[in-house]
Amino acid sequence: MFNKRVKIKELLSTEPQGQEVTVMGWVRTFRNNQFIALNDGSTNNNLQVVATLGMLNDETQKRITTGASLKVTGNVVASLGKGQKLDLNATSIEILGDCDAAEYPMQQKKHSLEFLREKAHLRFRTNTFGSIFRVRHSLAFAVHKFFNEKDFLYLHTPVITASDAEGAGEMFRVTTLPFDNPPRNEDGTINFKEDFFGKSTNLTVSGQLEGELAATALSDIYTFGPTFRAENSNTTRHLAEFWMIEPEMAFYDIEDNMNLAEEFIKYIIRHAMDNNREDLEFLAQRLAEEEKQLPQDKRSDLGLIEKLEFVLNNAFERITYTEAVNILLESPAYKKKKFQYEVSWGVDLQSEHERYLVEKHFKKPVIVTGYPAAIKAFYMRMNDDGKTVAAMDILAPGIGEIVGGSQREERLDKLVQRMEQMHIPVEEMSWYLDTRRYGTVPHAGFGLGFERMVLFVTGMTNIRDVIPFARTPKTCEF
RNA sequence: UCCCGAAUAGCUCAGUUGGUUAGAGCAUCUGACUGUUAAUCAGAGGGUCACUGGUUCAAGUCCAGUUUCGGGAGCCA
């Protein structure tokens, strides 16, 4: 009967009145043959279990090692020590699972994030990753809460797709054909008619196009699921498998879209601030300690909590691409030739430019709109100037692009024209173009990379540290 | 994929101009102590110096290649 146990988070918030409880968890430390710091993952705070001297035989005492799992029953009393409010005076200690201390890789010391990345299971036992994954959960929960409150439908778009026209990136092929001897056409190419789906298929790079189909019937939908990119990207901001949130709304223009995105980001941050204060404070402290190693000019101006509060309390800066280019051209950095890449109208903003706008010029999140059509996707709505599209990117300090969205081109003729210009196979996309044939409406949507959001909120700097099992080039161990 | 850097004990790292038996802290093990807070004190064990090849009387140290990791860039979310 395990359900009668009390979680440590709950227990630590109660008043010590000698009440009997049962707890279960893993040993963090065992001090002085008397004091067991027990953790069950519900909070970073450990419960101090007190085993009075003599209550344990020698053999049991030796088996209480860092990492071992215990079931402890005892009485909750006010602690005589200074480090904690209450103790659990044990009346029985049962070892559920032994942990050989000589082999256990986790020690009572600080471990590097690189080392922990190799210990898929045990990194969950650390305070840092405990906090990160509790915050991650909280943000995910807030995503659903926000959209549910706004009457959006959670739409499940497919993981396997045949669409190869989105241009969002390199795709992972899905096939059941044999590698050594696949069926071939007369011209030597592989005959995908014999493949499982009778055509070439891939893992999805975005649920947007499917989302548009639903939104132009159900009004407001959002997706939240895994997305795959086979790009050979080796950076602290990219994963081969990541989670993306993609709302799509009928009867929305670009302005409505920006308002929703800003409100959404603030809502989920607020939710984490309200529900994960302890974890965020722990992560703030971790970040502050890490930044002590850095030279003065590389450190953040604000602590993690202050940064999040600042984002909540200030409107995102909204500028057009044209204004952004002008700001860059007039910046001291440009005049001193500090930029490595060219700045001119028509060229996409580089990381260094985005960083300058966000971190140096405005010092807050920035929404850039009205990008040149030539550097954006086919489905974005052409503005009246005939040169720019109704696109918007939200740039966040330290991370860069966190949201990419647009008002969609709802005019069939203009959309087809654009697709032809960009060599997108119009016939294959007929199912998509139906949305513009039968009662088309202005609509808009955006995509938000969930891990980038978790990075921003936790103050972590490597995206591999905010997903439980990172998938990156050359790494798929667990 | 490109640029830069790294790889030495379980972990974090030191190792000088190439030169005898490769070191420290933490962890582990043994013992002591017992209201501790990453407990403390004493002692012990622990190494294919990433891999392959080369230079040299002699390579952890120099050179080349490979692999992996880290940082940055591109692509993007």
Side-chain angles (χ1 to χ4, degrees), chain A residues 28-37 45-54 61-62 65-67 77 79-84 87 89 99-119 122 126-127 166-170 205-208 224 226-246 261 294 298 339-341 348-355 375-377 393-396 399-405 446-456 461-467 472-475 477:
Chain A
R28 282 284 176 85
T29 61
F30 184 25
R31 286 185 294 267
N32 236 344
N33 291 343
Q34 276 185 89
F35 304 101
I36 302 165
N45 297 315
N46 301 322
L47 173 68
Q48 173 151 289
V49 172
V50 182
T52 46
L53 285 172
Q61 191 160 308
K62 285 204 164 129
T65 55
T66 300
V77 298
S79 179
L80 301 175
K82 282 185 185 145
Q84 56 283 317
D87 285 349
N89 279 345
C99 184
D100 184 345
E103 279 179 33
Y104 192 57
M106 312 300 287
Q107 309 303 345
Q108 261 315 105
K109 65 179 296 250
K110 199 167 155 52
H111 289 101
S112 68
L113 298 172
E114 292 82 7
F115 172 70
L116 293 171
R117 263 172 229 153
E118 296 167 2
K119 309 288 170 204
L122 299 173
T126 63
N127 283 337
E166 289 166 42
E170 293 294 313
V205 293
S206 162
Q208 181 201 313
F224 184 8
T227 313
F228 308 86
R229 304 276 166 92
E231 302 284 354
N232 191 7
S233 293
N234 294 284
T235 79
T236 53
R237 303 180 305 282
H238 292 84
L239 291 164
E241 177 181 309
F242 63 100
W243 286 63
M244 191 152 63
I245 297 146
E246 293 180 292
L294 299 174
K298 294 258 168 100
F339 292 136
Q340 197 189 333
Y341 288 88
D348 206 357
L349 301 178
Q350 301 295 323
S351 289
E352 58 179 355
H353 307 139
E354 295 179 350
R355 290 191 102 104
I375 58 171
K376 287 289 180 183
D393 284 356
I394 302 185
L395 312 176
I399 295 172
E401 188 177 340
I402 196 167
V403 164
F446 61 86
L448 178 140
F450 185 57
E451 282 75 20
R452 290 191 181 173
M453 194 67 217
V454 183
L455 272 184
F456 185 73
T461 49
N462 191 319
I463 202 162
R464 293 156 209 218
D465 293 327
V466 300
I467 188 165
T472 54
K474 301 279 182 289
T475 308
E477 280 300 304

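Chain letters run A, B, ... following the sequence lines, proteins first, then strands; residues in each count from 1.
Across all strands, A:Thr66 comes closer than 4.0 Å to no nucleic acid atom at all (heavy-atom distances). The residue A:Asn46 sits apart from the nucleic acid: no heavy atom pair falls under 4.0 Å. Among the heavy atoms of the strands, none lies under 4.0 Å from A:Glu352. Among the heavy atoms of the strands lying under 4.0 Å from A:Phe242 is at least one base atom, whether or not backbone atoms are also near. Contacts of A:Asp87 with the nucleic acid, taken as non-hydrogen atoms under 4.0 Å apart, include base atoms. Contacts of A:Glu103 with the nucleic acid, taken as non-hydrogen atoms under 4.0 Å apart, are absent. Residue A:Tyr341 is in sugar-phosphate contact alone, with no base atom involved, counting any heavy-atom pair closer than 4.0 Å across all strands shown. The residue A:Thr235 sits close to a base: some heavy atom pair falls under 4.0 Å. Here A:Arg117 lies in heavy-atom contact (under 4.0 Å) with sugar-phosphate atoms only. Residue-level contact check: A:Leu239 touches the bases, meaning some heavy atom is under 4.0 Å from a base atom.
Between B:rC11 and A:Ser112, no contact under 4.0 Å exists linking OP1 or OP2 to a side-chain N or O. Within the 4.0 Å cut-off from OP1 or OP2 of B:rG35, not a single side-chain nitrogen or oxygen of A:Ser79 is found. Residue A:Arg237 places at least one side-chain N or O under 4.0 Å from the OP1 or OP2 atom of B:rA73. Contact check, A:Arg464 against B:rG70: a side-chain N or O comes under 4.0 Å of OP1 or OP2.
With hydrogens and angles left out, the side chain of A:Ser233 and the base of B:rC75 share a donor-acceptor pair within 3.5 Å. Contact of A:Gln84 with B:rU36 (side chain to base): a donor-acceptor pair of N or O atoms is detected under 3.5 Å. Between the base of B:rC11 and the side chain of A:His111 there is no donor-acceptor pair shorter than 3.5 Å.
Following rounding to the nearest Å, A:Asn32 (CG) and B:rA38 (C1') show an atom-to-atom distance of 14 Å. What separates CG of A:Asp100 from P of B:rU28 is a distance of 11 Å, to the nearest Å. Residue A:Lys110 contributes atom NZ, which lies 18 Å from atom P of B:rC26 at whole-angstrom precision. Atom pair A:Lys474:NZ and B:rU66:C1' shows a separation of 13 Å (rounding to whole Å applied).
Base pairing of B:rC26: its partner is B:rG10, meeting the Watson-Crick or G-U wobble criterion (both donor-acceptor distances under 3.5 Å). Here B:rU55 sits opposite no nucleotide as a Watson-Crick or G-U wobble pair (both hydrogen-bonding atom distances under 3.5 Å). Using the Watson-Crick or G-U wobble rule with both distances under 3.5 Å, B:rU34 pairs with nothing in any strand shown. When both distances must be under 3.5 Å, the Watson-Crick or G-U wobble mate of B:rC69 is B:rG5.
A ring-centre distance under 6.0 Å is found for A:Phe339 and A:His353.
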